[in-house]
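Here the structure comes first, spelled out in structure tokens, and everything after it is commentary.
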Amino acid sequence: MENFLFAKNKIGFIDGTIDKPEEKSQNYMMWMRYDAMIKGWLTTVMKKVIRLSVKHANTTKEIWTDLDERFGKESTPRACELKQSLTITRQDRASVSAYYTKLRGIWDEIQSVFPIPRCTCSNYTCDIGKILNEAKEN
């Protein structure tokens, strides 16, 4: 969604760089229309359960902040669900390509829940080796 909004030059509505103008501003109605359009885009791609939980948000930024608080962090329960899903996934009668695509989707989601740590310093004094081993164990 971030890529989509960036391509449409609307990322500022979710990252806060495009502030809501005062009601008396001549840009107010245009801002409101764009915000409503983006809210529509966001809610269209959400599962119904999630959509219902954000329907009372006043702005796109409020929706995005709420979603980021719930889903934008490392989630141990979600990681467990994904690992379980990976464990029970079978090829059955699916083609190798379809089976691999399904596995790859699970692997990619696991990677997004627990991204690979990166070195945060310039001379490797940040114990990146230890951090990588801990991530691997998780």
Side-chain angles (χ1 to χ4, degrees):
M1 184 53 78
E2 286 176 331
N3 287 336
F4 176 76
L5 292 172
F6 180 79
K8 295 289 188 180
N9 202 25
K10 303 291 183 261
I11 196 84
F13 283 84
I14 64 166
D15 71 10
T17 57
I18 300 176
D19 290 325
K20 183 177 181 178
E22 296 292 323
E23 283 188 48
K24 295 176 181 169
S25 168
Q26 69 182 43
N27 295 327
Y28 179 75
M29 286 310 294
M30 181 175 60
W31 188 94
M32 292 295 288
R33 281 192 305 273
Y34 282 133
D35 192 64
M37 177 179 66
I38 298 165
K39 280 194 284 189
W41 291 342
L42 287 174
T43 56
T44 299
V45 298
M46 289 179 196
K47 290 183 179 179
K48 186 176 183 181
V49 158
I50 297 170
R51 187 179 324 128
L52 291 173
S53 73
V54 297
K55 74 178 184 178
H56 298 291
N58 293 319
T59 66
T60 301
K61 174 81 172 112
E62 288 178 18
I63 291 173
W64 195 261
T65 300
D66 181 40
L67 294 174
D68 188 48
E69 286 174 6
R70 285 193 274 164
F71 304 109
K73 299 175 178 77
E74 289 184 356
S75 170
T76 302
R78 181 64 182 139
C80 288
E81 286 177 7
L82 291 167
K83 289 175 185 176
Q84 183 179 17
S85 177
L86 190 60
T87 302
I88 63 172
T89 299
R90 301 285 181 261
Q91 182 177 355
D92 294 325
R93 293 190 170 143
S95 68
V96 171
S97 177
Y99 177 58
Y100 175 77
T101 300
K102 187 173 185 178
L103 287 175
R104 182 64 190 257
I106 297 169
W107 293 333
D108 288 347
E109 195 168 351
I110 288 171
Q111 179 63 37
S112 74
V113 172
F114 287 106
I116 296 172
R118 304 277 183 224
C119 177
T120 57
C121 65
S122 59
N123 53 3
Y124 300 105
T125 59
C126 60
D127 292 329
I128 190 65
K130 180 181 174 187
I131 295 167
L132 287 169
N133 282 334
E134 289 172 1
K136 184 178 177 183
E137 287 176 18
N138 284 337

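These numbers come from a predicted model, not from an experiment.
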* **Rounded distance (nearest 0.5 Å) linking atom OG1 of Thr43 with atom CD1 of Ile38** => 11.5 Å
* To do: Kindly compute the distance separating CZ (Arg51) from CG (Leu42), expressed to the nearest 0.5 Å.
  => 11.5 Å
* Asked: Quick one: NZ on Lys55 to NZ on Lys48, what's the gap to the nearest 0.5 Å?
  -> 9.5 Å
* Asked: How about Tyr99: does its OH atom have over 12 heavy atoms from other parts shown lying under 6.0 Å from it?
  -> yes
* Asked: Is it the case that more than 12 heavy atoms not belonging to Lys10 sit under 6.0 Å from its NZ atom?
  -> yes
* Asked: Are side-chain heavy atoms of Leu5 and Trp41 found at a separation under 4.5 Å?
  -> yes
* Show the numbers, then the answer: is there a side-chain contact (heavy atoms from CB on, under 4.5 Å) between Val54 and Met46? => CA-CA 10 Å; Val54 297; Met46 289 179 196; 3.8 Å; yes
* To do: Look at the side-chain heavy atoms of Ile, Leu, Val, Met, Phe, Trp and Tyr, link any pair under 4.5 Å apart, and say whether Trp64 and Leu52 land in one connected group.
  => no
* At their closest point, which heavy atom of Ile63 faces which heavy atom of Ala57, and how far apart are they? -> CG1-CB, 3.4 Å
* Hey, does Glu81 have a side-chain heavy atom less than 4.5 Å from the side chain of Gln84? -> no
* With Asp127, which residues qualify under salt bridge (Lys or Arg N to Asp or Glu O under 4.0 Å), at least two apart? -> none
* When rounded to the nearest 0.5 angstrom, what distance separates NZ in Lys39 from NZ in Lys61? -> 14.5 Å
* Just wondering, do Leu86 and Trp107 contact through their side chains at under 4.5 Å, heavy atoms? -> yes
* Check the hydrophobic clustering (I, L, V, M, F, W, Y; side-chain heavy atoms under 4.5 Å; chains of links allowed) and say if Phe6 and Val45 are grouped together. => yes
* To do: Measure from the side-chain N and O atoms of Ser53 to the backbone N and O of Ile50, and report whether any donor-acceptor pair falls under 3.5 Å.
  => yes
* To do: Kindly write out the residues that satisfy salt bridge (Lys or Arg N to Asp or Glu O under 4.0 Å) with Arg104, not counting sequence neighbours, or none if the list is empty.
  => Asp108
* To do: Just do the side-chain contact (heavy atoms from CB on, under 4.5 Å) check on Lys8 and Phe13 with the steps written out, would you?
  => CA-CA 11 Å; Lys8 295 289 188 180; Phe13 283 84; over 6 Å; no
* Do other residues, nucleotides or ligands put more than 12 heavy atoms under 6.0 Å from the OH atom of Tyr28? -> yes
* Check the pair Lys20, Asp35 against side-chain contact (heavy atoms from CB on, under 4.5 Å), reporting the backbone distance first and the verdict last. => CA-CA 9 Å; Lys20 183 177 181 178; Asp35 192 64; over 6 Å; no
* To do: Applying side-chain contact (heavy atoms from CB on, under 4.5 Å), run through Thr59 and Trp31 and close with a yes or a no.
  => CA-CA 10 Å; Thr59 66; Trp31 188 94; 3.9 Å; yes
* Which heavy atom in Cys119 sits nearest to a heavy atom in Cys126, and how many Å separate them? -> SG-SG, 3.6 Å
* Please check if Val96 and Ile106 belong to a single hydrophobic cluster, counting links between Ile, Leu, Val, Met, Phe, Trp and Tyr side chain heavy atoms closer than 4.5 Å. => no
* Asked: Is a side-chain donor or acceptor of Thr89 paired with a backbone partner of Ser85 at a separation under 3.5 angstrom?
  -> yes
